[in-house]
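Quick notes on the structure that follows.
Every heavy atom of this structure was used, including side-chain atoms; hydrogens, water molecules and symmetry mates were not. Positions are given from 1 along the sequence.
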Amino acid sequence: MKRIQSLLIVASALLAACSDALPEVSTEPSSVAFPKGMLWGAATAGFQVEKGLANTDWGIFAGLPGTIQKSGKPDDGPDALAHIDEDVAAMTGAGFNAYRLSIELARIYPDRKSFDDDAPSAEGLAAYDALFASLNKAKVAPMVTLHHFVWPSYMSDPTKKKEPQGWERDDATQVFTEWCTRMGKRYGDRADLWVTINEPNVEASVGYLAGKFAPGVVDVERMATVMRNQVEAHARCFDALHAADTTDVDNDGKPALVGIAQHQRVYEPADPTNEEDVVAAEHSRYAWNLWIMNGIVRGEVDDDFDGTPEKTDPMRVGRADFFGLNYYGVSRVAAASLRVKYLGSVPLQQNLPTERPKADNGWDIYPRGFATVLDEAAGYGLPIYITENGIADETDVNRSRFVAEHLFELGKAQTRGADVRGYLHWSLMDNFEWAAGFCPRFGLYRVDYTDPLRARTPTKAVSLLKDVAASNALDKATIDALPAYTSQPFPCASF
Ligand code: IFM
């Protein structure tokens, strides 16, 4: 059985490699159309765009020597909570009807006592109330993320990394579930779309294996514990939100839709003719793209990541109303590379030896890979929201083509059966890109960090997205008229 699987893998990898080498196929449609009611918008995360979150693990981590490229300080970013109306006007100016944001636990409950007593910060609540009010007034639907990489320092402290942190802690699931209940009750009358955890796979692997994200741990056992606990915490948060949020904001008969935002990549073998590389790439795909979704959709418990679940947990079955898909590109896997328990080989994504153009952080620009992960996601039979897709492009030479080509793949995937309901570009504006500091500029709106007012300027992709959102369609001719990609020297770090 295993042998047949390997042969199939080799065959499909060869086919994929060949199709990559082929010129654009002539059966390409001349245009794609998107479904009525499609959500168009952009995404951000609290810590990346707000100020004043020093009381978090990332606040501490960013102050440690050598953690952030060019020692960037999170507070020097776009200061979004001081620019709410301006940013919401930027959204409506781009024709958007949706915005993905995160609410920071540390802003609402700055210390452990305030959390335990359920004594939220009035200032913290007022800030998010104002954001929701502005969005609701502008008829921009919020999609709310409840955990985007960041814990309050009373839950995770990178200066004490020998102790269990964040999701490793015994009380993490209980704290997170309580957080979900409280936010569902408070903001359920303003939001119907919820993301429990952003990119659990990235938080676990980069924070607990690569050591490049808070809390800066390098330990595969701890990484595996984090992932197991994230699945359980997501399932409990799913139930808590459904119990707490019973207001149907848009009157569609569904008070709350709850999902997770997965960072999906294409995992390709370093050498597609080498069976070991093919098997290693397939295992990476399983560990990073499928393991969590299998856990929360089918209830699979595969604690040793070997691809054969030990059991099914009924309390985790069906805990996703949608698949939140973040797509940026491709990773390569070589069987001979660093081998790690549970994961096998460690995939690489920066400066790959390929002909593909590169973004400023050295990631391959690979719109065809979007088709691969969309088809993979469609296999779960859930509605799909693109919760992130974007490019680091300081000089604004590649973003428009990047957006257009990805949207074209999205349109084609829909005709193959992917039920995509929304596209939220990463990001609305330039922001703090974690360990890479302010180097990568992912913003649709460029932020002038030298300006005390942090002026925002639209990049060229804004008008392109606006046209697509207005017509709910995209012509191939529009893409053909755009300049070809330019690979820049990539000065920015990557995870
Ligand atoms: O900036 C991040 C975001 O926080 C999570 N997804 C990937 C983005 C770009 O690296």
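For the pair Tyr99 and Leu428, the tightest heavy-atom approach, listed with the atom from each and the gap, is CE1-CD2, 4.2 Å. The two residues Thr56 and Gly59 have their closest heavy-atom pair at OG1-N, 2.8 Å. Here the shortest heavy-atom pairing between Phe176 and Leu146 reads CE1-O, 4.0 Å. Nearest heavy atoms, Pro440 versus Glu433: CG-CG, 3.5 Å. Across all non-hydrogen atoms, the minimal contact from Ser134 to Ile84 is CB-CG2, 3.6 Å. The minimum heavy-atom distance between Gln262 and Asn289, with the atom names listed, is NE2-O, 3.5 Å.
A salt bridge between Lys358 and Asp364 is present, with a side-chain N of the basic residue lying under 4.0 Å from a carboxylate O of the acidic one. Remark: Arg446 does not engage Asp448 in a salt bridge, criterion side-chain N to carboxylate O under 4.0 Å. Residues Glu405 and Arg368 are not paired through a salt bridge, judged by the lack of any N-O separation under 4.0 Å between the basic side chain and the carboxylate. Taking the charged nitrogens against the carboxylate oxygens, Asp87 and Arg456 do have a contact shorter than 4.0 Å, which makes a salt bridge. Salt-bridge formation is detected for the pair Arg399/Asp396: a Lys NZ or Arg NE/NH1/NH2 atom is positioned less than 4.0 Å from an Asp or Glu carboxylate oxygen.
Defined by atom type and a distance below 3.5 Å, a donor-acceptor pair is missing between the side-chain atoms of Ser121 and Arg107. Between the side chains of Glu203 and His147, at least one donor-acceptor pair of N or O atoms lies under 3.5 Å. Counting only N and O atoms by type, the side chains of Arg182 and Tyr109 include a donor and acceptor under 3.5 Å apart. Side-chain atoms of Arg298 and Asn294 form a donor-acceptor pair, as typed in the model, at a separation below 3.5 Å. There is a side-chain donor-acceptor pair under 3.5 Å between Asn198 and Arg100.
In this structure, Phe432 and Trp434 have perpendicular ring planes: the angle between them is above 60°, well past the 30° mark.
Atoms CZ and CD1, from Arg401 and Ile391 in turn, are 11.5 Å apart once rounded to the nearest 0.5 Å. The line from OG1 of Thr387 to CD of Glu199 is 8.0 Å long, rounded to the nearest 0.5 Å. Rounded to the nearest 0.5 Å, atoms CG (Leu241) and CZ (Arg236) are 12.0 Å apart. Here the CZ atom belonging to Arg319 is positioned 9.5 Å from the CD atom belonging to Glu232, to the nearest 0.5 angstrom. The NZ atom of Lys139 sits 12.0 Å away from atom CG of Asn97, with the distance rounded to the nearest 0.5 Å. If you take CZ on Arg332 and OG1 on Thr354, they are separated by 6.0 Å, rounding to the nearest 0.5 Å.
In summary, the aromatic rings of Phe213 and Phe149 are positioned with their centroids under 6.0 Å apart. In this structure, Phe438 has its ring center under 6.0 Å from that of Tyr449.
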Could you go step by step and tell me if Tyr445 and His83 meet the ring-ring contact (aromatic ring centres under 6.0 Å, His included) rule? CA-CA 13 Å; Tyr445 285 83; His83 293 82; over 10 Å; no

Apply ring-ring contact (aromatic ring centres under 6.0 Å, His included) to Trp426 and Tyr328, showing your working. CA-CA 10 Å; Trp426 185 269; Tyr328 290 88; 7.6 Å; no

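Here the side chain of Gln230 pairs a donor or acceptor atom with the backbone of Pro200 at under 3.5 angstrom. Of the possible donor and acceptor atoms, none in the side chain of Glu268 sits under 3.5 Å from a partner among the backbone N and O of Val330. Of the possible donor and acceptor atoms, none in the side chain of Asp360 sits under 3.5 Å from a partner among the backbone N and O of Cys492. A donor-acceptor pair is defined here as one N or O able to donate and one able to accept, closer than 3.5 Å; such a pair exists between the side chain of Asn326 and the backbone of Glu388. Checked by atom type and distance alone, the side chain of Asn389 never pairs as donor or acceptor with a backbone atom of Tyr423 at under 3.5 Å.
Of the residues Trp167, Trp58, Trp179, the one that meets the ring pair (Phe, Tyr, Trp, His ring centres under 6.0 Å) test with Trp151 is Trp167.
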